[in-house]
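Structure, as structure tokens:
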Amino acid sequence: MGIVIRAKFSGSLVLRSLILLGSALMTSPAFAQVDLSGTWNPQYQEDQPERIPGPALVDYLGIPINAQARQWALSWDPDRLGLPEHQCQVHTAAYIYRGPLQLRIWEERDPQTQELIAIRQYTSTYEQNRTIYMDGRPHPPEYAAHTWMGFSTGKWEGNILTVYTTHIKQGWHRRNGIPSSDKITLVEHFIRHDNHLTHVSVVTDPIYLTEPLIKSEDYLLNTNSGGNWLWPCEYVEELPNADLTKVPSFMPGKNPFEHEFADKFHIPVEAALGGAETMYPEYMKKLKSAAK
Amino acid sequence: MTIRNVMPRIMLASSAVAAVLLMFGPADVARAQGKGKGGGGKQGGAPAATAATRPPNPAWANAEVHTLKVQGNVYMIVGPGGNTAVQIGDSGALVVDTQYEEVSGKIVAEIRKLTSKPIRYVINTSADMDHTDGNAKISRAGAPVIGGNLGAVAFDNGATIVAHENVLRAMSEGPEGKADTNADKLPTTTFFQGQKEIFFNEEPVIVMFEPAAHTNGDSMVFFRRSDVLATGDIFNMDSYPVINVDKGGSINGVIKALNVVLDITIPKHEQEGGTYVIPGHGRLTDEHDVLEYRDMVTIIRDRVQNLIKQGKTLAQVKEAKPTFEYDGRWSAATGPGSTDMFVEAVFRSLAPKK
């Protein structure tokens, strides 16, 4: 009888322990998740022409811009980047992963509990430090200042880190003048497979996009972690006696480069001017049938 | 108390009155002479002013008020009338713009959460009601620096209200064209050109006049040690510039003032942070936000100027939609700050006068 009782007790204890362990695994958001820490180098096999040499002027293909964004971009004169205050302008969190960079990721944990407080990132291009809060804190109020990297909170969805970001400054969806407003929100997924990291971003812009803009980039783990560089930026006056209060721009309908990219690649200007339709494979069929 | 005991007090009070009258500007003198607490109406020597006549606005009364720490000694109080900047320290509180009277109590309550010291200064960046309507209540929640408690008792004057002379003139005529000004709301210390300098809470505070911008009486307030600039309605983060051409405003004055903001602001790192800018309305900003706004306003000015050179009328300029790509972000739904009124103000600023 005593043996039976002990057996029952032991079984119950094991069962309880398993339930407790299971509960702990399921309720602790940061427990036993993938560790993203390390230095990551981007791979440029995807969208290389846009990401390394840079996009051509008036190449708006594949961006779901609205008519307002198109006019904004067409009036954008690249000379504007020569104005002192624009020279150190940073790619926003919604764009920066497209560029050449090294990305270092590390965790910040509570020294007393070892709970995950935040996942931090250092992006070498523009020396951007980014914090992704994992402790459930709320986003700042609407009237708080915006930054290039915005305010980010994260959560684990299985082994995927999903990040939600607000309070991002006005920037660009593509660095040839396509504007991104300061009203954008950004959802990202960081997905690690061994030494391979995939970053997927979904940008929603109620001012300049008709649909969310979805992009992805791949990274490889770099065990030589000393490769992060600095980016000290100090503006210079590029021309003597220049009127620094003049803002270079093209009058509506007067962009001298409107046909350049389209002509080079023998596509209609309408295609180069982008829009949601140009994101989808069906648009290729439309172009081919229009060419016949 | 004997007569001998009383006389020195009277003499002291008289001397203090004379000293204060000498040191205050003409607006202060008029105010000190003419009225007591809660008084209004036309005062001897004071600009014409009548008691408030507009009905209370329950939407403003019920609106929420929030405080955000900016940096250094400066906070931003967000309410239905836009933004109020508050600088605090050992010497007391300095308040930039007072929003609507209906929320004065809530603004004072927010200031009381920050400091128990008295409100010593109120500064108005323009004469607009959403910047001055709470002057009386917020001023009377404090006391002037000069004369200390004696000054406050002698004149029941509240905190010193500082503004450009044109603000006093505009308020005396009635803000926004309506003669609803309570004399308690009027500036007590005015300046005429350049800038008014105050050293307060161990910090230089510079009230900078920007002529012919939003109106003819705009000032920006720069907290030099805290590195925070309050722009008033020269810069709004929630609409196009509100340009009151009939009150002496102009598009070129707004652009000039925005370029002054860019001259003052210095980013901390990679065009971010450093000098913070509290706009008249809308969220907290830094240089880059002002930069994009300046670019937009300048581009629109250039387009309208170009259309005027082509001989276009106001209707034709509006038809050309010179603000098209900016409307989704910057046009207020109606009224000042809307596309229609902004384009009209730009046109009237630039078109040759007939």
Assess the residue pair Ser250(B) and Asn252(B) against the criterion (side-chain hydrogen bond (donor to acceptor under 3.5 Å, both in side chains)); give the C-alpha distance rounded to whole Å, side-chain angles, the decisive distance to 0.1 Å, and a yes or no. CA-CA 5 Å; Ser250(B) 73; Asn252(B) 283 331; over 6 Å; no
Derivation and outcome, side-chain hydrogen bond (donor to acceptor under 3.5 Å, both in side chains), residues Asp133(B) and Gln99(B): CA-CA 6 Å; Asp133(B) 198 43; Gln99(B) 305 196 31; over 6 Å; no
Determine, step by step, whether Ser126(B) and His131(B) satisfy the side-chain hydrogen bond (donor to acceptor under 3.5 Å, both in side chains) criterion, reporting the C-alpha distance in whole Å, the side-chain angles of both residues, the deciding distance to 0.1 Å, and the verdict. CA-CA 7 Å; Ser126(B) 77; His131(B) 296 257; 4.6 Å; no
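Heavy atoms closer than 4.5 Å to chain A are found nowhere in Asn83(B), neither backbone nor side chain. Neither the backbone nor the side chain of Tyr235(A) comes within contact range of chain B; no heavy atom of the residue lies under 4.5 Å from a heavy atom of that chain. Using a 4.5 Å cut-off between heavy atoms, Met296(B) does not touch chain A at all. For chain A, the nearby part of Asn306(B) is the side chain; its heavy atoms alone come within less than 4.5 Å. For Arg70(A), no part sits under 4.5 Å from any heavy atom of chain B, backbone or side chain. Contact of Leu83(A) with chain B is made through the side chain alone, with heavy-atom distances under 4.5 Å. Neither the backbone nor the side chain of Gln87(A) comes within less than 4.5 Å of any heavy atom in chain B. With a 4.5 Å cut-off on non-hydrogen atoms, Ser181(A) does not touch chain B at all. For a residue to count as touching a neighbouring chain, one of its non-hydrogen atoms must lie under 4.5 Å from one of that chain's; by this rule Glu287(B) touches chain A with the side chain only. Heavy atoms closer than 4.5 Å to chain B are found in both the backbone and the side chain of Ala67(A).
Chosen from Asp289(B), Leu291(B), Ile255(B), the residue pairing most often with chain A at heavy-atom distances under 4.5 Å is Leu291(B). Heavy-atom pairs under 4.5 Å with chain B were tallied for Met251(A), Lys183(A), His146(A), Gln89(A); the largest tally goes to His146(A).
A cation-pi arrangement is present between Arg80(A) and Trp72(A) under the rule of less than 6.0 angstrom and at most 45 degrees off the ring axis.
A side chain to side chain contact (heavy atoms under 4.5 Å, CB included) with Thr231(B) is found for exactly one of Val290(B), Asn236(B), Val277(B), namely Val277(B).
Between Arg98(A) and Lys215(A) the shortest heavy-atom distance is CD-CD, 3.7 Å.
To the nearest 0.5 Å, atoms CD1 (Ile278(B)) and CE (Met237(B)) are separated by 14.0 Å.
Taking the six-membered ring where the residue is Trp, the centroids of Trp172(A) and His91(A) are separated by under 6.0 Å.
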